[in-house]
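One-based numbering, in listed order, for ligands and for the atoms of each. If you read the sequence from its start, that first residue is 1, and numbering goes on from there. Atom set for the values below is all heavy atoms of this structure, side chains included, hydrogens, waters and symmetry mates excluded.
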Amino acid sequence: MKHDIVIYGHPALRCKSVSVKTIDDDTRRLADDLLETMYAYVGIGLAAAQIDHAECMCVIDMSQAGDRTDAKLEENDHVAMPMVLINPAITAMEGQQVGSEGCLSFPEIYADVQRADLVTVTYQNLDSKNVVVKATGLLSRALQHEIDHLNGVLFVDRIAPAQKVVLSGKLKRLKKMS
Ligand code: ZN
């Protein structure tokens, strides 16, 4: 089922998620809902908090990423899409990348964000298996963005202060709408 996505200013976006203890039919239904909602809004990632759910869970599908010119995309070809990540955590980060980022909870707002270039992420999949994934480039960025959501952190928290000043009017308007 497609859900509404909550917009910046909604308290759900600032909550720390609750870890998923058992992976059952409810978990699978939430995964389906997250994927359906992400595709409906043409995003490449979505966290449960964005549909006002507290579960520590997010989905990513890089095959929907428009920018196939990202040379590093193919370096992540070993990762099957879509990804459903339950209780994900970053265990290692390496290097730096700066790139433009957006978020379905911030319609029409984009900003440069500095992220680690390479990340190692552990999570559980829908079969309750522990998975370790290494990613670079855009997939690495998406993983860091979504895992931030699960900790109540938003991409605007990570932009340079000067850029935040530039965006402050737009951000205020979003907060009023939510
Ligand atoms: Zn986001």
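Residue pairs meeting the ring-ring contact (aromatic ring centres under 6.0 Å, His included) criterion with at least one member in residues 149-178, sequence neighbours excluded: Phe106-Phe155, His145-His149, His145-Phe155. Residue pairs meeting the salt bridge (Lys or Arg N to Asp or Glu O under 4.0 Å) criterion with at least one partner in residues 41-54, sequence neighbours excluded, are absent.
Note on the Zn ion (ligand 1): protein N/O/S atoms under 2.8 Å are Cys103 SG, His145 NE2, His149 NE2.
You'll find the side chain of Met57 reaches within 4.5 Å of the side chain of Thr27, heavy atoms only.
Ion pairing of Glu108 with Lys170 is absent here, as no side-chain N (NZ or NE/NH1/NH2) approaches a carboxylate O to less than 4.0 Å.
More than 12 heavy atoms of other residues, nucleotides or ligands sit less than 6.0 Å from atom NZ of Lys164.
In terms of the side chain to side chain donor-acceptor pair (under 3.5 Å) criterion, His10 has no residue partners (sequence neighbours excluded).
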